[in-house]
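One structure follows; several queries about it will come next.
Bear in mind that the values here come from a model prediction, so they are computed numbers and not experimental data.
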Amino acid sequence: MPRGTFTRPGASRDKQPTFKTTHPMLDAQIDNRARITRLPGPVVALTEPLADLLHRTAGSSQRTILVVPEHSAVTPAFDRFTDATGTIVLIQEDTTYRELRSGRLIPHLSQTLEVLDQPQLKISPRHMVQRDVRPNLIFSISAYHPARRTTRIGSVVELVTEHLLPDAELSWGGYEPAGAFWDRDALTGFCRAHMPTVHLVLAGHGYNGTLTGTLTVSRTDNGLEEYVELNLAGATPPTAYRDRAMALFRALSTEAKPQFALAMRTYARADTSLPVTMRRPPTPLAVLIGAPGIRQLGVDAARVASAHGGETTGYGRRRGLLVPLESNINADWQPLLDLVRALDGDAGNVSRALGAGDGKSATRGSAAPRP
């Protein structure tokens, strides 16, 4: 086999990255410790071969290293699933590299694992460069459905689209670009055939904006969980983000069975892709805890709403909690942290509701989507 092009000068032969052809996406490897794949720009997406690679290598003792160009961007789906699978993403800077999220400088590719294990953190100056970004609106929503043959997946995605991007044409798929026309029956059939957990990508384009995101459907003790992360650009003025999020969550609480929902303002490109330099921290805008979440937390929704400037949703035993979070300070997480402390109580309510430590919580993004 030919030698790799990532050889560190003076390294012993067993430390030199070598070519590996067990998967068409693999370019080289570092011993038996890591696989290396180079991806082209300008936008790095969760393509079909990459989704297959991440799926096949998930849980392996070997790490997966993806190298992307410096002047590029990554899609939200790529960002979510590489993070969830523990994939290392490096940005190439001429002859050196940096880690995507931390900006940690890595002098040589063959030293990646050693450098990432070091307690000292040396940041690449290029990581601090701010790219051309604009405000985007992000939603994370978890809703439950009964595990019945008549259940149809996709209601949460449709609800968000109807409220914020009503003229959008939706599509879905197991990888990017999402090439299947929106059809909830086909979507439900695909999810049913690939249980217990299915990961999908979403896309929507309208006259006023763009939507991208991911959908994870999981079988849980409480039924089927539909977990959605959606990124919207251009759909609504940034000054109206919180009010639009509150209106959406009110509708969600009456038309669906949400466990929780969180809206945040963040910064990305006009097509919702993310820069490979330092990112601005997001700003929480509103949070909804539906009736299932309130029951698991064991709190009085009306009392918490009164203490945090929020409101209750639903009626009777299906009482939820909706709280606005935005202050006059960017990236202000204090209102959300105060709310979590109030919900947590002395008995660890939040950890219990999330299933921490009992093995019952649904794993989101534990493996890449299958085509």
Item to check | Under 3.5 Å donor-acceptor, Asp27 side chain and Arg38 backbone | outcome: yes

Next on the checklist: Keeping His55 on the side-chain end and Ala51 on the backbone end, is there a donor-acceptor pair under 3.5 Å?
Outcome noted: no

Next on the checklist: Does Asp185, at its CG atom, have more than 12 non-hydrogen atoms belonging to other residues, nucleotides or ligands within less than 6.0 Å?
Outcome noted: yes

Checklist entry - In terms of hydrophobic clustering (I, L, V, M, F, W, Y; side-chain heavy atoms under 4.5 Å; direct or indirect links), are Val198 and Ile141 co-clustered? => result yes

Item to check | Check: Arg279 and Thr266 side chains under 4.5 Å, non-hydrogen atoms | outcome: no

Item to check | Ser306 side-chain N/O to Arg303 backbone N/O, donor-acceptor pair under 3.5 Å | outcome: no

Checklist entry - For Glu169, does the CD atom sit with more than 12 other heavy atoms under 6.0 Å from it, leaving out its own atoms? => result no

Checklist entry - Donor-acceptor pair, Gln92 side chain versus Asp94 backbone, under 3.5 Å? => result yes

Checklist outcome for this item: The reported gap from CG in Leu54 to OG1 in Thr87 (rounded to nearest 0.5 angstrom) is 4.5 Å

Checklist entry - Quick one: does Ser171's side chain have a donor or acceptor within less than 3.5 Å of a partner on Ala178's backbone? => result yes

Next on the checklist: Are the side chains of Leu215 and Leu187 in contact, using a 4.5 Å heavy-atom criterion?
Outcome noted: yes

Checklist entry - Can you list the steps and then say if His108 with Glu114 is a side-chain contact (heavy atoms from CB on, under 4.5 Å)? => result CA-CA 10 Å; His108 303 285; Glu114 289 80 5; over 6 Å; no

Item to check | Which residues share a side chain to side chain contact (heavy atoms under 4.5 Å, CB included) with Glu229, sequence neighbours left out | outcome: Arg80, Ser140, Thr214, Tyr227

Checklist entry - If you round to the nearest 0.5 Å, how far is OG1 of Thr96 from CD of Glu70? => result 8.0 Å

Checklist entry - Quick one: are Val160 and Leu252 in side-chain contact, heavy atoms under 4.5 Å? => result no

Checklist entry - Side-chain heavy atoms under 4.5 angstrom apart, residues restricted to Ile, Leu, Val, Met, Phe, Trp, Tyr: same cluster for Val217 and Phe190? => result yes

Next on the checklist: Let's go through Ile91 and Arg126 carefully: what are the C-alpha distance in whole Å and the side-chain angles of both, what is the deciding distance for side-chain contact (heavy atoms from CB on, under 4.5 Å) to 0.1 Å, and is it a yes or a no?
Outcome noted: CA-CA 10 Å; Ile91 314 304; Arg126 297 191 188 183; over 6 Å; no

Checklist entry - Is the shortest heavy-atom distance from the side chain of Thr75 to the side chain of Thr212 under 4.5 Å? => result no

Next on the checklist: Could you report the tightest heavy-atom contact between His163 and Ala251, atom names first, then the distance?
Outcome noted: NE2-CB, 3.4 Å

Next on the checklist: Is it the case that the side chain of Arg98 and the backbone of Glu93 share a donor-acceptor pair, with hydrogens and angles ignored and the cut-off at 3.5 Å?
Outcome noted: no

Next on the checklist: So, taking the atom named CG in Leu211 and the one named CG in Leu202, what distance separates them when rounded to the nearest 0.5 Å?
Outcome noted: 7.0 Å

Checklist entry - In terms of hydrophobic clustering (I, L, V, M, F, W, Y; side-chain heavy atoms under 4.5 Å; direct or indirect links), are Ile138 and Leu159 co-clustered? => result no

Checklist entry - If only atom types and distance count, is the side chain of Arg184 paired as donor or acceptor with the main-chain N or O of Ile153 below 3.5 Å? => result yes

Checklist entry - With a distance cut-off below 6.0 Å to the six-membered ring centre and an angular limit of 45° from the axis, does Arg280 pair with Tyr267 as a cation-pi contact? => result yes

Checklist entry - Distance-only, no hydrogens or angles: does the Glu226 side chain make a donor-acceptor pair with backbone N or O of Gly154 under 3.5 Å? => result yes

Checklist entry - Any chain of hydrophobic side-chain contacts (each under 4.5 Å) joining Val115 to Ile65? => result yes

Next on the checklist: Which heavy atom of His308 sits nearest to which heavy atom of Ala342, and what is that distance?
Outcome noted: NE2-CB, 3.4 Å

Checklist entry - Does some side-chain heavy atom of Tyr241 sit less than 4.5 Å from a side-chain heavy atom of Thr283? => result no

Checklist entry - So, for Ala301 and Leu321, which heavy atoms are closest and what is the spacing to 0.1 Å? => result O-CD1, 3.7 Å

Item to check | Distance, nearest 0.5 Å, that separates CG of Leu26 from OG1 of Thr57 | outcome: 8.0 Å

Checklist entry - Under the 3.5 angstrom rule, does the side chain of Arg63 hit a backbone N or O of Gly86 as a donor-acceptor pair? => result yes

Checklist entry - Is it true that Asp344 and Arg341 make a salt bridge, defined as a side-chain N closer than 4.0 Å to a carboxylate O? => result no

Checklist entry - Just by distance, with hydrogens left out, do Asn222 and Thr220 show a side-chain donor and acceptor under 3.5 Å apart? => result no

Item to check | Exercise: identify the closest heavy-atom pair between Leu165 and Gly206 | outcome: CD2-N, 4.4 Å

Next on the checklist: To the closest 0.5 Å, what do you measure between CG (Leu288) and CG (Leu248)?
Outcome noted: 9.0 Å

Checklist entry - Would Leu105 end up clustered with Leu116 when hydrophobic side chains under 4.5 Å apart are linked, directly or stepwise? => result no

Checklist entry - Do Ser142 and Glu225 have side-chain N/O donor and acceptor atoms under 3.5 Å apart? => result yes

Next on the checklist: Just by distance, no angles: are the side chains of Arg101 and Thr82 close enough, under 3.5 Å, to form a donor-acceptor pair?
Outcome noted: yes

Checklist entry - Could you walk me through whether Trp333 and Met264 pass the side-chain contact (heavy atoms from CB on, under 4.5 Å) check? => result CA-CA 10 Å; Trp333 285 73; Met264 295 190 295; 3.8 Å; yes

Item to check | Side chain proximity check, Ile30 to Leu113, heavy atoms < 4.5 angstrom | outcome: no

Next on the checklist: How long is the straight-line distance from CG of Leu46 back to CZ of Phe81, given to the nearest 0.5 Å?
Outcome noted: 6.5 Å

Checklist entry - Would Val156 and Phe139 satisfy side-chain contact (heavy atoms from CB on, under 4.5 Å), going step by step from the backbone distance to the final call? => result CA-CA 11 Å; Val156 172; Phe139 293 100; over 6 Å; no

Item to check | Shortest non-hydrogen contact from Thr272 toward Ala233 | outcome: CG2-CB, 3.8 Å

Checklist entry - Are the side chain of His23 and the backbone of Met25 linked by a donor-acceptor contact shorter than 3.5 Å? => result yes

Checklist entry - Taking all atoms of both residues into account, what is the closest heavy-atom pair of Val276 and Ala73, and its distance? => result CG1-CA, 4.2 Å

Item to check | Student check: side-chain heavy atoms of Leu50 and Leu66 closer than 4.5 Å | outcome: yes

Checklist entry - With a 4.5 Å heavy-atom cut-off, do Thr161 and Trp182 have their side chains touching? => result no

